[in-house]
Amino acid sequence: MDSLRIFDTTLRDGEQSPGFSMNTAEKIRMARQLAKLGVDVIEAGFPIASRGDLDAVRLVATEVRDVPIAALARARKDDVSAAIEALEPAAAPRLHIFLATSDLHLRVKLNMSREQALEAIASMIRFGRQHVGEVEFSAEDAGRTDIQFLCEVCRVAVGAGATVLNLPDTVGYAVPEEYGAMFRHVREYLGDPQGVTLSAHCHDDLGMAVANSLAAVRAGVRQIECTINGIGERAGNAALEEVVVALAVRKESFGVSTGIHLEELFPTSRMLSEITGAVVAPNKAVVGANAFAHEAGIHQDGIIKNPLTYEIISPQTVGVPARSLVLGKHSGRNALRLSLRDLGYEPSDGELAEVYRRVTALADQQKDVRHRDLVAIAHQVIRRGAVAVAAEAASTA
Ligand code: KIV
Ligand code: ZN
């Protein structure tokens, strides 16, 4: 299997979006956790943005030695110099230079001709390479760039010394077939140069960031840029946890492996939520509170008989402590019996039927049934054996 690198930009593309800013101590805490998770590159910030950002990148680079650290810079000398300064303490620095290449961005934002863009790309990559061994170049808005010009940009960037070529769908406009085709075209044009890695970077404006990233993998890309919980500009970036779990669950189909320790996904997601105060939606894939919760009676029954009936990943695989069988108006008797057993009750069939009747009546009024509700109902209905009395005594002690 080919290995695929995971470039994490939670601390840069994620951190720069509204509501997700982190102070230096928080960035270091997250960076350590990202290292534990097993990412291949940590993009720690955009040093020209502020002195604080530059210092934060320096500190992350000082503290986290076992993962390459990247810093972002526009294709301008002051930007690149700031990134070089920030990366100075890094054990394995990566300079990440970008310039927009779509005609729209060149004209409206940069007031540059295509020729001027090519010149800036070549000269800034050459300058960067004098100071940092590894330079990545990103063609911002590649997804909307004329494909012939994009090929030219890639040829110039490789010629100047870039060893990673990142072609972002900056505005989340692409669909998977198009995004994959763009990489196939560029690969064909470049003739797969040795030592150059193609990279995908997708935004989620149309909800396709993960699908587009996976399409890029099928087209030969061997680095994916993504963020924890999918945080990032506007609708966010491709969610790291979704990309790596999809690649793991469907590994026969994709034929690539990552170095991610899947069991660290949930703890990493929770740490980010705790630091930023932004909790993920309950139905978020892989790390949402409902990702391993089952309420429908038919599903609960299947899960009790064999989890494979309704789960394609086990909660333990991604570090979720346990699946939960939610007691609500849709839940079934098997799940109820298990929950009662956990409380120390062994109800007769008649008692179970009565508890079930009371639980569903309560669920009709208050959405779900909490632990203490079930304890109270069980207490009223079930003739208590010694185990239940002991369990009850322990819970009220
Ligand atoms: O979305 C984008 O194009 C970016 C680049 C700066 C890499 O974040
Ligand atoms: Zn981005």
Side-chain angles (χ1 to χ4, degrees), residues 5-18 20-21 39-49 53 57 68-76 79-80 82-83 86-87 94-106 108-110 112 117 120-121 124-125 128 134-145 149-150 153-154 157 162-174 178-179 182-183 186 197-210 212-213 216 221 223-240 242-243:
R5 283 191 244 156
I6 297 297
F7 175 115
D8 180 275
T9 183
T10 306
L11 302 180
R12 198 280 298 170
D13 217 339
E15 200 262 354
Q16 76 188 39
S17 57
F20 291 104
S21 68
V39 304
D40 298 281
V41 183
I42 295 173
E43 185 162 59
F46 186 27
I48 194 73
D53 233 42
V57 176
I69 304 297
L72 185 69
R74 287 168 296 184
R76 291 169 29 165
D79 270 51
V80 177
L87 289 173
R94 180 185 292 189
L95 182 57
H96 182 187
I97 299 175
F98 76 99
L99 187 76
T101 52
S102 65
D103 287 333
L104 178 68
H105 278 232
L106 284 172
V108 174
K109 195 179 81 175
L110 300 171
M112 260 184 168
I121 292 165
M124 285 304 107
I125 293 175
E134 188 164 46
V135 174
E136 166 171 342
F137 175 72
S138 284
E140 191 191 13
D141 207 17
R144 293 189 299 173
T145 297
F149 182 57
L150 188 62
V153 163
C154 291
T163 50
V164 181
L165 283 180
N166 184 41
L167 305 182
D169 176 26
T170 302
V171 290
Y173 178 74
E178 276 170 20
Y179 196 56
M182 178 187 75
F183 282 104
V186 168
T197 304
L198 286 179
S199 167
H201 176 118
C202 298
H203 282 267
D204 209 29
D205 300 66
L206 295 178
M208 284 187 276
V210 172
N212 285 336
S213 303
V221 157
Q223 174 179 284
I224 296 286
E225 302 197 353
C226 43
T227 61
I228 300 298
N229 296 345
I231 69 169
E233 285 288 351
R234 306 179 308 280
N237 289 56
L240 183 152
E242 296 180 20
V243 169

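Computation of the quantities below employed the complete heavy-atom set of this structure, encompassing side-chain atoms and omitting hydrogens, waters and symmetry-equivalent molecules. Just so you know, ligand 1 is whichever comes first in the structure, and atom 1 is the first atom listed for that ligand.
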How about OH on Y173, more than 12 heavy atoms from neighbouring residues, nucleotides or ligands closer than 6.0 Å, or not? no
Of all heavy-atom pairs between E136 and F7, which one has the smallest distance, and what is that distance?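 Heavy-atom minimum between the residues: OE1-CE1, 3.3 Å.
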Can you sort out which atoms of ligand 1 are near [X], meaning under 4.0 Å from one of its heavy atoms?
X	result
D13	8 (O)
P168	2 (C), 3 (O)
F98	6 (C)
S138	7 (C)
E140	3 (O)
H203	1 (O)

Spatial distance of atom NE2 (H203) from atom CD (E225) [nearest 0.5 Å]: 9.0 Å
Among side-chain atoms of S102 and D141, is any donor-acceptor pair under 3.5 angstrom? yes
Between E140 and K109, does at least one N-O distance fall below 4.0 Å, as a salt bridge requires? yes
Donor-acceptor pair, [X] side chain versus [Y] backbone, under 3.5 Å?
X	Y	answer
N212	A174	yes
D8	T10	yes
D169	C202	no

Any idea which N/O/S atom from H201 gets closest to the Zn ion (ligand 2)?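 H201's closest N, O or S atom to the Zn ion (ligand 2) is named NE2.
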Taking the N/O/S atoms of D13 one by one, which is nearest to the Zn ion (ligand 2)?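 Result: OD2.
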min-distance protein heavy atom vs atom 4 (C) of ligand 1 -> H201 NE2, 3.5 Å
How far is atom 3 (O) of ligand 1 from the closest protein heavy atom, and which atom is that? T170 OG1, 2.6 Å
Residue-ligand contact R12/ligand 1, heavy atom below 4.0 Å: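 Yes, that is the case, since the closest heavy atom of the residue is under 4.0 Å from the ligand.
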Assess E225: does it contribute an N, O or S atom lying under 2.8 Å from the Zn ion (ligand 2)?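 Within the cut-off used here (under 2.8 Å), E225 places no N, O or S atom near the Zn ion (ligand 2).
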